[in-house]
Each structure stands twice: as C-alpha cells, then as structure tokens.
Amino acid sequence: MKDNILLLLRFLIAAIFIVSGTEKLMSPAENFLYVLQAYNVFPDILARFFAVGFPWMELSLGVFMAVGLWLRLSLLAVACVSSSFILVVGQAIVRKLPIDNCGCFGSLVHLPLHGVIFLDTAILLSALACFFHISSVRRFSLDNKFDAIL
C-alpha cells in the first residue's frame, strides 16, 4: 500500500511539473517574465533568463520523474525547486506584494500565494518521501532498466 502511494506521488509530481512547464512554454516568455518581476527578487537580466529557461527545466524534471530517469537526482532537484518557490512566495507574502496570481501554471490555473505555499510544501514533502523510499518509486522507471544493463 505504502509503495503504491509513493509511486502515485511520483507521478503526481511529474504531472504537476509537466503541466506547469508546458503551460509556460505555450505562452510568450514575457508573460512569465512579468510574473517574475512582480516578486521583485531577481535582477532584470536574471529574471529574463529564468523566464526563458525555467519552463524547460520544469518540463524536463516532470518528464524525468514520469519515466523514472535519474530519479534520485530528479527528486532532489524537485525538492530544491519547491523549496525555492516556498522562499520566493513566502517573501512576497511577508512583504505584502500585490500579487493575485502566483504564475505557477501560466494562465491555466490561478492560485493565491497562500495556496502556492501549501502546494509547494506538499510537493517538497512528497519528493523527500519518495527520495528516502527510492526503491518504492523506482518501479516502472528507466533507472531500473539501465541498472539491469550495467
């Protein structure tokens, strides 16, 4: 039972990252840039870099999680990304920045900042649970196939 729940968490994290990255990629990068600038934590040049590159990283992490490729590293990356989201959104809440929509899912889903903290905390805890029980989440993964070859 526990193994099935952890495996489900892996696929839920994958779906969230795939949807989020794809939605941002399907929109002009300026839309995500505008969202990043609203958080007021990045210099403009860095915000522009993130606006273009971050959706690709989200999509890649989601795909790696879904197919189980470099799963241990992917789970750590997801945990780091989720922790970063919590910090960035948390500082926006503390500073009372006028942000109505987190921009996490482009125009597909609008989440208030407190909802983002909850979602990202759930993703972080799920990624850590999967990481510490890696054998449970490696079922149906490419990592298992490569281990058999090596």
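By convention here, the first residue in the shown sequence is residue 1.
How far CD1 of Ile117 is from CD1 of Ile93: 4.5 Å, rounded to the nearest 0.5 Å. To the nearest 0.5 angstrom, Asn40 atom CG is 6.5 Å from Leu97 atom CG. Taken to the nearest 0.5 Å, the CZ atom of Arg138 stands 5.0 Å off from the CG atom of Asn144. Distance check, rounded to the nearest 0.5 Å: CG of Leu124 to OG1 of Thr121 gives 6.5 Å. Between the CG atom of Asp143 and the CG atom of Leu69 there is a distance of 6.0 Å, given to the nearest 0.5 Å. One finds the CG atom of Leu128 at 8.0 Å from the CG atom of Leu76 (value rounded to the nearest 0.5 Å).
A heavy-atom distance below 4.5 Å is not found between the side chains of Val89 and Ile99. Using a 4.5 Å heavy-atom cutoff, the side chains of Phe32 and Pro55 are in contact. Here the side chains of Val35 and Asn31 are not in contact, with every heavy-atom distance at 4.5 Å or above. Ile123 is listed as a side-chain neighbour of Phe17, based on a closest heavy-atom distance under 4.5 Å.
Side-chain N or O atoms of Arg10 include one that pairs as donor or acceptor with a backbone N or O of Ala66 at under 3.5 Å. Proximity of a side-chain donor or acceptor of Ser141 to a complementary backbone N or O of Val137 within less than 3.5 Å is not detected. Remark: side-chain polar atoms of Asp3 are not paired, donor with acceptor, to backbone N or O of Ser136 under 3.5 angstrom. Distance alone, capped at 3.5 Å, places no donor-acceptor pair between the Ser20 side chain and the Ile16 backbone.
Hydrophobic cluster membership differs between Val116 and Tyr34, with clusters built from Ile, Leu, Val, Met, Phe, Trp and Tyr side chains linked at under 4.5 angstrom. By the rule that hydrophobic residues join a cluster once side-chain heavy atoms approach within less than 4.5 Å of another member, Met65 and Leu59 end up as members of separate clusters. Under the 4.5 Å side-chain contact rule for hydrophobic residues, Phe132 and Val78 share a cluster. The hydrophobic cluster containing Leu111 also contains Ile13, counting ILVMFWY residues as joined when their side-chain heavy atoms lie under 4.5 angstrom apart, directly or transitively. Hydrophobic clustering keeps Leu73 apart from Trp56 (ILVMFWY residues linked when any side-chain heavy atoms are closer than 4.5 Å, directly or through intermediates).
Atom CZ of Phe11 has more than 12 neighbouring heavy atoms from other residues, nucleotides or ligands inside a 6.0 Å radius. At most 12 heavy atoms of other shown residues, nucleotides or ligands fall within 6.0 angstrom of atom CE in Met26.
For the pair Leu36 and Ala51, the tightest heavy-atom approach, listed with the atom from each and the gap, is CD1-N, 3.6 Å. Heavy atoms only, all atoms of each residue included: Ala14 and Gly62 are closest at CB-O, 3.3 Å. Closest heavy-atom contact between Ser27 and Glu23: OG-O, 3.3 Å. The two residues Ile18 and Thr22 have their closest heavy-atom pair at O-OG1, 2.7 Å.
Among residues at least two apart or in separate chains, side chain to side chain donor-acceptor pair (under 3.5 Å) pairs with a member in residues 83-97 are Gln91-Arg95. Annotation: salt bridge (Lys or Arg N to Asp or Glu O under 4.0 Å) contacts involving residues 44-71, sequence neighbours excluded, comprise Lys24-Glu58, Asp44-Arg48. Pairs engaging residues 120-131 under the salt bridge (Lys or Arg N to Asp or Glu O under 4.0 Å) rule: none recorded [sequence neighbours left out]. Each ring pair (Phe, Tyr, Trp, His ring centres under 6.0 Å) pair with one or both residues in residues 59-101, not counting sequence neighbours, appears once here: Phe54-Phe85, Phe64-Trp70.
Partners of Phe42 by ring-ring contact (aromatic ring centres under 6.0 Å, His included), not counting sequence neighbours, listed by chain and number: Phe50. Shown here are the salt bridge (Lys or Arg N to Asp or Glu O under 4.0 Å) partners of Asp100, two or more places apart in sequence or in another chain: there are none.
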